[in-house]
**Q** 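Pasting in a structure now, in structure tokens, and then I'll have a few things to ask.
Residue indices begin at 1 and follow the sequence shown.
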Amino acid sequence: MSELRFVRMGFGTEAVDYRVAWDEQRRVHAARFADEVPDTVILLEHPPVYTAGRRTQDSERPLDGTPVIDVDRGGKITWHGPGQLVGYPIQKLPRPVDVVAHVRRLEEALIRTSAEFGVTATRIEGRSGVWVLGDPVEQRPALGGLSLDFDPRLTDEEFDPRLNGPEYAPSNAGQRREDRKLAAIGIRVAKGVTMHGFSYNVQPDNKWFDRIIPCGIRDAGVTSLAAELGRDITIDEVLPVVERHLRDILEHADPKPREIVRASA
């Protein structure tokens with residue numbers, strides 16, 4: 001692939017409003033489609049904001065009426081905010097675009113970054129993003145004094161973890177030794193060019209996730225590099241490492257069009 005351009009758009013006190021960044025994504029997307037700019041990765045932090053992908057259900061949104069921005073990416077609802085590194089790779093790929101392969105490349109860059117900081121992260125089949133695996137189910141502590149065989153999140157369709165206190169909160173998944181998401185991925189492809197991308201939890205306040213059903217997943221939670229390492233870590237430390245692994249993977253990738261399997265007559 002062609003050389004990758006990185007744009008550091010704003011961090012900390014210069015965190016970028018989500019709608020401003022979305023407008024910039026669309027501008028760069030149009031320029032990339034017209035071959036006016038190279039493949040570009042926009043990196044930034046956002047002020048606190050909830051965004052909902054196209055598959056988000058009403059039952060997954062904040063109960064207190066906190067505003068949510070509905071966006072044109074895949075996936076469901078998530079949160080962005082301070083302490084979270086957000087990346088928007090805007091790349092032209094061969095059509096029809098192999099979306100899964102693109103997601104896997106982003107996951108791999110973040111898995112390698114996590115490993116460099118001493119955190120073992122991986123993928124979970126059927127769930128996009130980058131995860132830290134929990135203990136085997138039989139070794140996890142009981143929830144609410146109940147055996148895991150009676151975990152209401154799995155057996156009661158009307159159970160809502162947003163209403164049931166800290167023992168079910170997504171931000172406490174590490175204490176429960178459950179699977180927990182370290183980075184979320186949600187993308188859109190238009191005219192063969194990608195947009196949106198990943199959010200990588202470096203050192204955010206994960207309690208923001210407790211107001212929603214993050215990514216629509218009720219039986220797992222969220223984590224961060226800081227939580228897994230048990231120490232403070234900054235965006236400034238992580239940013240160049242993420243850039244290096246993205247460059248290594250994306251510049252050396254050989255993307256192929258998605259294979260079309262035609263039904264036999």
Side-chain angles (χ1 to χ4, degrees), residues 1-11 16-46 49 51-56 69-76 78 80 84-114 123 127-130 183-200 215 235 238-262:
M1 293 186 69
S2 61
E3 184 177 350
L4 204 58
R5 176 179 68 145
F6 287 92
V7 175
R8 296 184 178 185
M9 194 171 175
F11 302 91
V16 183
D17 177 83
Y18 187 86
R19 289 185 175 88
V20 171
W22 196 5
D23 285 342
E24 178 64 5
Q25 279 197 76
R26 288 185 282 232
R27 186 193 70 78
V28 176
H29 183 279
R32 182 65 191 97
F33 176 69
D35 290 325
E36 297 170 352
V37 298
D39 288 339
T40 299
V41 180
I42 299 172
L43 294 164
L44 47 74
E45 274 180 286
H46 288 303
V49 62
T51 70
R54 294 185 297 260
R55 296 191 298 111
T56 302
I69 298 176
D70 290 282
V71 296
D72 57 354
R73 61 166 169 77
K76 294 196 172 192
T78 193
H80 301 306
Q84 184 188 75
L85 176 59
V86 175
Y88 298 129
I90 300 173
Q91 297 181 269
K92 180 178 280 191
L93 298 174
R95 291 194 263 182
V97 171
D98 188 336
V99 174
V100 173
H102 176 64
V103 169
R104 294 292 173 265
R105 288 190 287 270
L106 300 183
E107 291 170 344
E108 184 61 27
L110 299 178
I111 288 171
R112 293 185 188 182
T113 298
S114 303
R123 302 176 179 88
R127 292 181 168 177
S128 69
V130 174
I185 294 178
I187 67 168
R188 177 175 184 243
V189 179
K191 300 179 179 178
V193 180
T194 69
M195 59 187 299
H196 298 289
F198 65 84
S199 54
Y200 188 39
C215 303
I235 295 286
V238 175
L239 183 58
V241 182
V242 168
E243 285 183 346
R244 173 161 45 83
H245 287 296
L246 283 170
R247 185 181 299 280
D248 182 54
I249 289 171
L250 298 183
E251 282 191 350
H252 292 92
D254 182 20
K256 306 292 186 186
R258 176 170 49 85
E259 191 172 324
I260 304 296
V261 178
R262 304 188 183 280

**Q** Taking the side chain as every heavy atom from C-beta outward, state whether L85 and L239 have any atom pair closer than 4.5 Å.
**A**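 L85 reaches L239 side chain to side chain.
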**Q** Identify, with sequence neighbours excluded, every residue that meets salt bridge (charged side-chain N to carboxylate O under 4.0 Å, His left out) alongside R127.
**A**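 Salt bridge (charged side-chain N to carboxylate O under 4.0 Å, His left out) check on R127 returns D219.
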**Q** Around atom CZ of R244, are there more than 12 heavy atoms of other residues, nucleotides or ligands at under 6.0 Å?
**A**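 Yes - once you tally the heavy atoms of other residues, nucleotides and ligands closer than 6.0 Å, there are more than 12.
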**Q** What residues, two or more places apart in sequence or in another chain, satisfy salt bridge (charged side-chain N to carboxylate O under 4.0 Å, His left out) together with R112?
**A**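 If we apply the salt bridge (charged side-chain N to carboxylate O under 4.0 Å, His left out) test to R112, skipping adjacent residues, the hits are E108, D248.
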**Q** For the pair H29 (side chain) and A190 (backbone), establish whether a donor and an acceptor sit closer than 3.5 Å, ignoring hydrogens and angles.
**A**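 Yes, because the side chain of H29 sits within donor-acceptor range (under 3.5 Å) of the backbone of A190.
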**Q** With a 3.5 Å distance limit and no angle check, can you tell me whether R55 reaches the backbone of G74 through a side-chain donor-acceptor pair?
**A**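 Answer holds: no.
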**Q** Side-chain contact test, heavy atoms from C-beta onward, threshold under 4.5 Å: evaluate it for V20 versus E24 and give yes or no.
**A**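 Counting from C-beta outward, V20 and E24 never come under 4.5 Å.
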**Q** Should T194 and R188 count as side-chain neighbours, where that means a heavy-atom distance under 4.5 Å?
**A**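 They are not in side-chain contact.
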**Q** Report the distance from atom NE2 of H245 to atom CG of L250, rounding to the nearest 0.5 Å.
**A**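 That separation rounds to 12.5 Å.
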**Q** For a quick test of reading the model, state the closest non-hydrogen atom pair linking L43 to F11 and the distance between them.
**A**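 Heavy atoms of L43 and F11 come nearest at O-CZ, 3.4 Å.
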**Q** Under 3.5 Å, is there a donor-acceptor pair linking the side chains of H80 and Q84?
**A**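 On atom types as modelled, these side chains qualify, holding a pair under 3.5 Å.
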**Q** Between D98 and K256, is any pair of side-chain heavy atoms under 4.5 Å apart?
**A**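 Not touching, per the 4.5 Å side-chain cut-off.
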**Q** Between T51 and R73, do the side chains contain a donor N or O and an acceptor N or O under 3.5 Å apart?
**A**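 Looking only at side-chain atoms, T51 and R73 do form a donor-acceptor pair, the distance falling under 3.5 Å.
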**Q** Can you confirm whether H196 sits close enough to W22 that some side-chain heavy atom of one is under 4.5 Å from a side-chain heavy atom of the other?
**A**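 Yes, close enough: below the 4.5 Å cut-off.
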**Q** Would you check if I90 and V41 make a side-chain contact, meaning some heavy-atom pair closer than 4.5 Å?
**A**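 In short, these two side chains do not touch, never coming nearer than 4.5 Å.
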**Q** Out of R32, R5, K92, which one pairs with D39 under the side-chain hydrogen bond (donor to acceptor under 3.5 Å, both in side chains) rule?
**A**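 It is R32; the other options fail the test.
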**Q** Is a side-chain N or O of T40 found less than 3.5 angstrom from the main chain of P38, in a donor-acceptor match?
**A**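 Yes, because the side chain of T40 sits within donor-acceptor range (under 3.5 Å) of the backbone of P38.
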**Q** Testing the 3.5 Å rule here: is there a donor-acceptor pair between the side chains of Y200 and S114?
**A**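 Yes.
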**Q** Applying salt bridge (charged side-chain N to carboxylate O under 4.0 Å, His left out), can you list everything that pairs with R104, at least two apart in sequence or on another chain?
**A**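 R104 satisfies salt bridge (charged side-chain N to carboxylate O under 4.0 Å, His left out) with E107 only.
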**Q** Considering only heavy atoms from C-beta outward, does the side chain of V7 approach that of L44 to under 4.5 Å?
**A**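 A side-chain contact is absent here, since even the closest heavy-atom pair is not under 4.5 Å.
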**Q** I want to check something: taking the side chain as every heavy atom from C-beta on, are V71 and Y18 in contact at a cut-off of under 4.5 Å?
**A**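 Side-chain contact under 4.5 Å: yes.
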